[in-house]
Amino acid sequence: MSEHMVPNFPPVQASLWLTLCGRALDNRLPQPILGDEMADELVRKLDYDYRKLNIPASSAIYIAHRARKLDEIARGFFAKHPNAVGLDLGAGLDSRALRIAPPPGADWYDVDFPDVIEARRRLLPATATPHDIAADLTDPAWLADLPSDRPVVTVADGLIAFLAEEEMISLVNRIIDHFPSGEIAFNGYSTFAVWAQKRFAGASTIKDVTKFPGFDDPRTPERWNPKLKLAREILCTREPEVARFPLGLRLANRLSALSEGLSRRGNVVLVYRF
Ligand SMILES: C[S@@+](CC[C@H](N)C(=O)[O-])C[C@H]1O[C@@H](n2cnc3c(N)ncnc32)[C@H](O)[C@@H]1O
């Protein structure tokens with residue numbers, strides 16, 4: 001397949017276009033929140049028609065913002081554990097390893113379905129994917145060959161909406177059973193966010209494949225495994241990057257930031273430790 005041919009994915013995999021294009025659009029803003037040049041370059045190279053996704057500017061900024069928070073979490077973990085294993089679950093066409101530059105003693109793995117991994121190999125530079133794993137994350141076998149004697153930092157950006165709650169719980173349990181210790185971080189989905197994702201025009205491509213019910217109490221995952229403890233709840237409305245949002249969005253975020261409940265309905269990144 002040519003380097004410029006747009007892969008034709010089934011709906012769950014196709015969700016990666018929303019996040020990739022969201023980061024590319026953020027990069028084209030006068031003050032990008034993430035500044036993901038590789039996403040921008042890839043969307044241009046493929047001449048991907050992002051307009052058909054109807055991504056509002058606010059969504060592009062939120063996608064970039066949560067990616068930035070997950071990058072910070074991974075970087076922070078590697079600063080403390082330079083020999084750690086990093087996992088990006090449902091990596092899509094994201095080149096997170098290029099942004100965070102894991103230390104030489106660390107190992108970074110991008111996991112996604114085989115057709116997505118094939119597209120990564122074709123479309124992204126090899127340095128974007130230090131290691132890849134072509135697997136369905138609900139299949140218990142994919143973890144077997146990973147080192148099990150080093151701490152792990154796991155990020156899942158935009159993934160969990162596509163897993164049923166039991167699938168997410170099993171996945172988290174398998175990671176906790178495999179590694180001695182670590183962090184698991186993902187963008188949260190409140191029950192309101194799931195409701196909105198199933199109706200909102202910008203998300204029309206993913207509404208039929210959204211399976212996760214969402215949760216409103218950040219401590220809910222502590223019930224998935226007794227070792228799992230909430231380490232941090234990042235309410236993005238209260239993060240410093242909001243100062244760089246365009247005026248209207250900045251004001252809306254400043255107002256939401258006054259209420260924990262409202263902030264929890266929006267862009268949230270959750271970090272758990274085990
Ligand atoms: C919204 S996209 C996000 C992609 C990437 N994290 C990003 O931020 O651009 C969700 C990704 O999760 C992957 N995914 C969903 N369910 C999966 C599963 N059961 N196994 C492996 N990958 C899965 C999809 O293929 C897709 O690439």
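Values below: every heavy atom of this structure, side chains too, minus hydrogens, waters and symmetry copies. Read the numbers this way: they start at 1 and go in the same order the structure lists the ligands and their atoms. Along the sequence shown, residues are numbered consecutively beginning with 1.
- Distance alone, capped at 3.5 Å, is enough to place a donor-acceptor pair between the W142 side chain and the L137 backbone.
- For ligand 1, the atoms sitting less than 4.0 Å from at least one non-hydrogen atom of L16 are 2 (S), 27 (O), numbered in the order shown with element in parentheses.
- No close placement of the F215 and Y189 rings is indicated, their centers lying 6.0 Å or farther apart.
- Between Y48 and W17, the distance from one ring center to the other falls under 6.0 angstrom.
- Between S15 and ligand 1, not a single N/O pair is under 3.5 Å apart.
- Side-chain atoms of D115 and Q13 include a donor-acceptor pair closer than 3.5 Å.
- By the criterion of a heavy-atom distance under 4.0 Å, the backbone of A91, and not its side chain, is placed next to ligand 1.
- Scanning the protein heavy atoms around atom 19 (N) of ligand 1, the nearest turns out to be D136 OD1, 2.9 Å.
- Taking distance alone, with nitrogen or oxygen atoms compared against 3.5 Å, T19 approaches ligand 1 more closely than that limit.
- The shell of residues lying under 4.0 angstrom from ligand 1, judged by heavy atoms, includes R23.
- Between the side chains of S190 and R265, no donor N or O sits under 3.5 Å from an acceptor N or O.
- Summary of contacts: the protein heavy atom closest to atom 17 (C) of ligand 1 is F113 CE1, 3.3 Å.
- With V172 as the partner, the side chain to side chain contact (heavy atoms under 4.5 Å, CB included) test is satisfied by one option alone out of I184, D177, I160: I184.
- Counting the atoms of ligand 1 from 1 in the order shown, those under 4.0 Å from a heavy atom of G158 are 1 (C), 10 (C).
- For atom 24 (C) of ligand 1, the closest heavy atom belonging to the protein is D112 OD1, 3.5 Å.
- The nearest protein atom to atom 3 (C) of ligand 1, hydrogens excluded, is given as D157 O, 3.3 Å; this is a heavy-atom distance.
- When hydrophobic clusters are built by joining Ile, Leu, Val, Met, Phe, Trp and Tyr residues whose side-chain heavy atoms come closer than 4.5 Å, directly or via intermediates, L163 is grouped together with L143.
- For A135, the closest heavy-atom approach to ligand 1 falls below 4.0 Å.
- In this structure, E167 places its CD atom where more than 12 heavy-atom neighbours from other residues, nucleotides or ligands lie under 6.0 Å away.
- Between atom 6 (N) of ligand 1 and the options A134, G90, G92, the minimum heavy-atom separation is to G90.
- Geometrically, ligand 1 and F162 share no nitrogen or oxygen pair separated by less than 3.5 Å.
- Using a 4.0 Å cut-off between a side-chain N of Lys or Arg and a carboxylate O of Asp or Glu, R23 and D94 qualify as a salt bridge.
- By heavy-atom distance, the residue among L159, L137, T138, V209 lying nearest atom 14 (N) of ligand 1 is L159.
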